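Just so you know, ligand 1 is whichever comes first in the structure, and atom 1 is the first atom listed for that ligand. Predicted model, so just to flag it, every value in this text is computed and none were measured. Heads up: numbering here begins at 1 and tracks the sequence.
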Amino acid sequence: MFENLSDRLERSFKILKGEGKITEINVAETLKDVRRALLDADVNYKVAKSFTDTVKKKAMGMNVLTAVKPSQLMVKIVHDELAELMGGKAVPVNLEGRPTIILMSGLQGSGKTTFSGKLANMLKTKNHKKPMLVACDVYRPAAIEQLRVVGESVGVPVYSEPDNKNVVEIANNAIREAKAKACDVVIIDTAGRLAVDEQMMNEIATLKDAVNPNETLFVVDAMTGQDAVNTAKEFNDRLDFDGVVLTKLDGDTRGGAALSIRTVVTKPIKFVGTGEKMEAVDVFHPDRMADRILGMGDIVSLVERAQQQFDEKQARELEKKIMKNKFDFNDFMSQIQQIKKMGNIKDLAAMIPGVGKAIKDVDIDDNAFKGIEAIINSMTPKERSHPEIINQSRRNRIAKGSGTTIQDVNRLMKQFDQMRKMMKMVTGMNNSKMMQMAAAMKQKMK
Ligand SMILES: Nc1nc2c(ncn2[C@@H]2O[C@H](COP(=O)(O)OP(=O)(O)OP(=O)(O)O)[C@@H](O)[C@H]2O)c(=O)[nH]1
Ligand SMILES: [Mg+2]
């Protein structure tokens, strides 16, 4: 996501390289490029224009005061303005209320049910809450079952009344049940609706009035681009929601919605969904998102996410093995399972500064795993624990056994080798060092 935008912005700053100072002329040229990059990334026209106007004003004002390189200064100004555009600071979800009541709203297929599960999972594991999911989608026959499966996968109870079509009644009964069971967060999943469907919009407005939620979230598919902004506006006019959840940011989205929604509805983006798995969700941090858009990487969120995923003890054992260069195909296989759980590997790697660009043309997308598992499965236990014995004839046998080609096996052996090296490097760098690096980078920008 945002790959194009970050490349384009970087190129526009290059125009300023070598220039001694920011002048009206060279800044105009850069900003024209920045604006074009934003428009191409599907940012609302008015938002893009006011953005570049503000940047220009700031850049011209700063000219006399500073002695830093113009391109650095511009990166800094654009970075800060991008963060500002997306709300400046992260806004946490409101957890007041006993129980806390959270209501989902949004179009069909936007990701409400999936996000309800992700939120329940996050509140349970990170905030040590005891959530309950409530099925208030009474229209789609399979909706209750879907929520039940989601609830089961994260170990959270699901309240439903299959024969009741009155969502206010269901919600009120659920809240009563939650109190009785000492659940402290009630997450209400609702049916998808179109803003033009008056009856459906009335239903959710009535539901909101009746249960008086602490938090009403509007869930929107980031891939819908400008439509996302318009839908957000229509739902906000009707529901006056508290925050936005941008889903499917892992997809082929140009990301413009993230940049425009906040300005158009003046409600904060609180979460982003980055995959179909229950773990694929992040709290939205405008400044970190700005880092990512500018290709600065996002070490902090990477560390946070990795920490959440990896079992600490298992990680320490693995670390020892890596340091001793004993990392083998058995470990590799279990890493693949971990990575699969974490979501898109390229997305994850792209958060490391410098890596995003380096791997742009490298073949480590999710598809890379398909043949890999087959190949590893065709290895003997000895080969798996002693990869160095895998010579040419063994490679031939493995290729045949796994239904792949010798080239595939060679490629995997090479990737495995590279991975071993990279892991050794990363493991040598502990978290506090990573934090220092992130802080140093921030300092550089100032
Ligand atoms: N790639 C990706 N897919 C997602 C994400 N969130 C949801 N999905 C997928 O989008 C589809 C729709 O998600 P749901 O959670 O069922 O959407 P919904 O809003 O509940 O849909 P309705 O109940 O029909 O209105 C499913 O296939 C999800 O797996 C995300 O962040 N990334
Ligand atoms: Mg649903």
Side-chain angles (χ1 to χ4, degrees), residues 1-2 102-122 133-154 156 158-160 162 165 167 170-171 174 187-197 199-201 203-204 207 216-225 227-228 231-232 234-235 239 241 243-255 257-258 261 269-284 289 292 301 305 339-348 350 365-367:
M1 116 186 121
F2 292 127
I102 301 175
L103 179 67
M104 298 295 164
S105 67
L107 293 182
Q108 268 158 25
S110 55
K112 296 176 295 299
T113 305
T114 308
F115 178 71
S116 298
K118 289 175 178 178
L119 182 62
N121 185 38
M122 195 168 16
L133 288 159
V134 184
C136 276
D137 180 352
V138 292
Y139 300 98
R140 209 159 44 82
I144 294 178
E145 179 57 17
Q146 187 194 355
L147 191 67
R148 207 188 53 71
V149 170
V150 161
E152 207 160 83
S153 77
V154 295
V156 166
V158 175
Y159 184 90
S160 66
K165 296 273 178 236
V167 293
I170 300 172
I187 299 171
I188 306 175
D189 181 29
T190 62
R193 60 202 79 225
L194 300 170
V196 290
D197 187 335
Q199 195 195 335
M200 293 284 275
M201 287 307 272
E203 183 193 73
I204 192 156
L207 180 59
T216 302
L217 294 174
F218 170 69
V219 181
V220 62
D221 179 344
M223 308 235 274
T224 53
D227 282 345
T231 321
E234 284 169 12
F235 271 76
L239 291 178
F241 55 69
V244 178
V245 178
L246 266 185
T247 63
K248 310 188 194 179
L249 267 180
D250 51 313
D252 187 21
T253 165
R254 289 177 287 175
I261 277 189
I269 299 169
K270 296 201 172 182
F271 298 97
V272 292
T274 54
E276 298 190 34
K277 306 267 162 67
M278 284 296 118
E279 291 82 8
V281 60
D282 285 312
V283 170
F284 184 76
M289 187 63 97
R292 269 163 80 167
S301 125
R305 233 162 107 188
I339 288 169
K340 274 181 165 175
K341 261 203 326 203
M342 286 167 94
N344 188 316
I345 175 172
K346 209 160 174 175
D347 263 10
L348 212 65
D365 58 342
D366 291 348
N367 286 337

Checking side chain to side chain contact (heavy atoms under 4.5 Å, CB included) against [X], which of [options] comes through?
X	options	value
Arg193	Gln199, Met200, Gln108	Met200
Val220	Val244, Ile269, Leu107, Asp227	Val244
Val134	Asp189, Ile170, Ile187	Ile170

N or O contact, [X] vs ligand 1, cut-off under 3.5 Å:
X	value
Lys112	yes
Gln108	no
Thr247	no

For the student: nearest non-hydrogen atoms of Tyr139 and Ala191, plus distance:
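Here Tyr139 and Ala191 meet closest at CD1-CB, 3.7 Å.
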Enumerated ligand 1 atoms positioned under 4.0 Å from heavy atoms of [X]:
X	result
Gly192	25 (O)
Thr274	31 (O)
Thr113	15 (O), 18 (P), 20 (O), 23 (O)
Asp137	23 (O)

Check if [X] has a non-hydrogen atom at a distance under 4.0 Å from any atom of ligand 1.
X	result
Gly109	yes
Lys118	yes
Gln146	yes
Ser110	yes

What verdict does the side chain to side chain contact (heavy atoms under 4.5 Å, CB included) test give for Thr114 and Thr247, after you've listed the backbone C-alpha separation in whole Å, the side-chain angles of each residue and the deciding distance to 0.1 Å?
CA-CA 9 Å; Thr114 308; Thr247 63; over 6 Å; no
Residue from Phe115, Phe284, Phe218 passing ring-ring contact (aromatic ring centres under 6.0 Å, His included) with Phe271:
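Only one of Phe115, Phe284, Phe218 forms a ring-ring contact (aromatic ring centres under 6.0 Å, His included) with Phe271, namely Phe115.
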Measure the [atom1]-[atom2] distance between [X] and [Y] for me, rounded to the nearest 0.5 Å.
X	Y	atom1	atom2	answer
Thr113	Gln146	OG1	CD	4.5 Å
Met201	Ser105	CE	OG	7.5 Å
Thr224	Lys248	OG1	NZ	9.0 Å
Glu279	Met122	CD	CE	11.0 Å

Can you tell which part of Lys277 has a heavy atom less than 4.0 Å from ligand 1: side chain, backbone, both or neither?
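Neither; nothing of Lys277 gets under 4.0 Å from ligand 1.
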Under 4.0 Å, heavy atoms only, figure out whether ligand 1 is touched by the backbone of Thr114, its side chain, both or neither.
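Thr114 to ligand 1: contacts from backbone and side chain alike.
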Using 2.8 Å as the threshold, say whether any N, O or S atom from Thr113 sits that close to the Mg ion (ligand 2).
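So Thr113 does bind the Mg ion (ligand 2) by this criterion.
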Considering only heavy atoms, which of Gly111, Gly273, Gly275 lies nearest to atom 5 (C) of ligand 1?
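Heavy atom nearest to atom 5 (C) of ligand 1 belongs to Gly275.
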